[in-house]
Number of protein chains: 2
Amino acid sequence: MATTDETESTTPNNPRQMLGEFIRVQRQMANLSLRQLSALTEISNPYLSQVERGLHEPSIRVLKSIANALNVSSEILFEQAGLFTSTEDPGSEATEAAIRTDRRLSEAQRHALLGVYRSFLETSEEGD
Amino acid sequence: MATTDETESTTPNNPRQMLGEFIRVQRQMANLSLRQLSALTEISNPYLSQVERGLHEPSIRVLKSIANALNVSSEILFEQAGLFTSTEDPGSEATEAAIRTDRRLSEAQRHALLGVYRSFLETSEEGD
DNA sequence: TCTCAATGCTGTGCATACCAAGCATTTGGT
DNA sequence: ACCAAATGCTTGGTATGCACAGCATTGAGA
């Protein structure tokens, strides 16, 4: 069982595994055992264990509960769950659209925020 | 049989029903039948029907597919699904969600952009 | 009238999310 | 050494997501 060994890769390709590992790291950083997290989330510890090992795709309710217990914003968890990355248009103008339609900002503020956003895009990746 | 009637309320309290009605409205605005949406999403039309009527809580994969087919940003769908209402304040945070999930930004850039955005909110409207 | 296509909805069944109980290993106290 | 408690994991069962086939209704055209 040595040669065909399947030790966990440090960067799992499977989005389920990525999500699970992310949750496990967050839990360990919070110094919580599986049972403690189970008590906080009201989700059974065996299932949490399986989720962390990428054996199951947790439901929205479970993800929300975990995010809440670990004080991780839900969006980040869903991002880790591969929610926004696959079928969505990846060059998304979602951020621009959100800024433009944000009624809490004045027009000048929208303009400024878009400027900052676009400058970030240029500095980070130029080729697209 | 009239008094104990249970006609659907115009503003359903159940988050499942809210999500379902939101999806139904979006589908009808796109002039799509259940079967057409079914073809786009590769999700059976009976199940779509049940989701729209709030009889089931769709999985992440289904939600993502629906959002994609209806050209609705996933974040908005999840907000409708009552996803972000736990740890964060449930206001109009579409912009924050968009920034947070923007894969073209680094984490530092996201943080910075959120900082700018929040500072704008404070200066423009304080009492809401 | 009848027909036929398109709509949304109902049943039945399989796959999977999720839980309760218990096992294997480690750690620390006596 | 023994025991007790805590850790993560395995097993078997139940609830629910989801699909396939088909029903009921409506509307257009012959």
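Lettering follows sequence order; numbering is per chain, from 1.
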Enquirer: With hydrophobic residues grouped by side-chain heavy-atom distances under 4.5 Å, do Met18(B) and Leu55(B) end up in a single group?
Expert: no
Enquirer: Rounded to whole Å, how long is the line connecting atom CG of Leu19(B) with atom P of dG17(D)?
Expert: 12 Å
Enquirer: Using a strict 4.0 Å threshold on nitrogen-to-oxygen distance, state whether Glu21(B) and Arg53(B) make a salt bridge.
Expert: no
Enquirer: Examine dT10(D): is either OP1 or OP2 under 4.0 Å from a nitrogen or oxygen in the side chain of Arg53(A)? Give yes or no.
Expert: yes
Enquirer: May I ask you to evaluate whether Arg16(A) reaches the phosphate of dA17(C), defined as a side-chain N or O under 4.0 Å from OP1 or OP2?
Expert: no
Enquirer: In whole angstrom, what separates Asn45(B)'s CG from dT7(C)'s P?
Expert: 10 Å
Enquirer: If you compare every side-chain N and O of Arg27(A) against the phosphate oxygens of dG8(D) (OP1, OP2), does one of them come in below 4.0 Å?
Expert: yes
Enquirer: To the side chain of Ser33(A), which of dT7(D), dC19(C), dC9(C) is closest?
Expert: dT7(D)
Enquirer: What is the distance, rounded to the nearest whole Å, between atom CZ of Arg61(B) and atom P of dG17(D)?
Expert: 13 Å
Enquirer: Counting only side-chain heavy atoms from C-beta out, which of dC9(C), dC18(D), dC18(C) sits nearest to Leu34(B)?
Expert: dC9(C)
Enquirer: Please report the closest heavy-atom contact between Arg27(B) and Leu34(B), naming both atoms and the distance.
Expert: NH1-N, 3.4 Å
Enquirer: Rounded to the nearest Å, what distance is computed from the NE2 atom of residue His56(A) to the P atom of nucleotide dT11(D)?
Expert: 12 Å
Enquirer: Could you check whether Glu42(A) gets within reach of a base, just the sugar-phosphate, or nothing at all, counting any heavy atom under 4.0 Å?
Expert: sugar-phosphate
Enquirer: Should Val51(A) and Tyr47(A) count as side-chain neighbours, where that means a heavy-atom distance under 4.5 Å?
Expert: yes
Enquirer: Tell me whether the side-chain N/O atoms of Ser49(B) come closer than 4.0 Å to OP1 or OP2 in dC9(C).
Expert: yes
Enquirer: Any side-chain heavy-atom pair from Leu70(A) and Leu32(A) closer than 4.5 angstrom?
Expert: yes
Enquirer: Please state how far atom CD in Glu57(A) lies from atom P in dG17(D), giving the value in whole angstrom units.
Expert: 14 Å
Enquirer: Given atom OH of Tyr47(B) and atom C1' of dA15(C), what is their separation to the nearest angstrom?
Expert: 13 Å
Enquirer: NA contact type, Gln50(A), heavy-atom cut-off 4.0 Å: base, sugar-phosphate, or nothing?
Expert: base
Enquirer: Want to settle it: does Arg35(A) or Pro46(B) sit nearer the 5' end of DNA chain C, counting the closest nucleotide to each?
Expert: Pro46(B)
Enquirer: From CG of Leu32(B) over to C1' of dG8(C), roughly how many Å is that when rounded to an integer?
Expert: 15 Å
Enquirer: Please state whether the phosphate of dT16(C), meaning OP1 or OP2, lies under 4.0 angstrom from any side-chain nitrogen or oxygen of Ser59(B).
Expert: no
Enquirer: How close or far is atom C1' of dC18(C) from atom CG of Leu48(A), stated in whole angstroms?
Expert: 10 Å
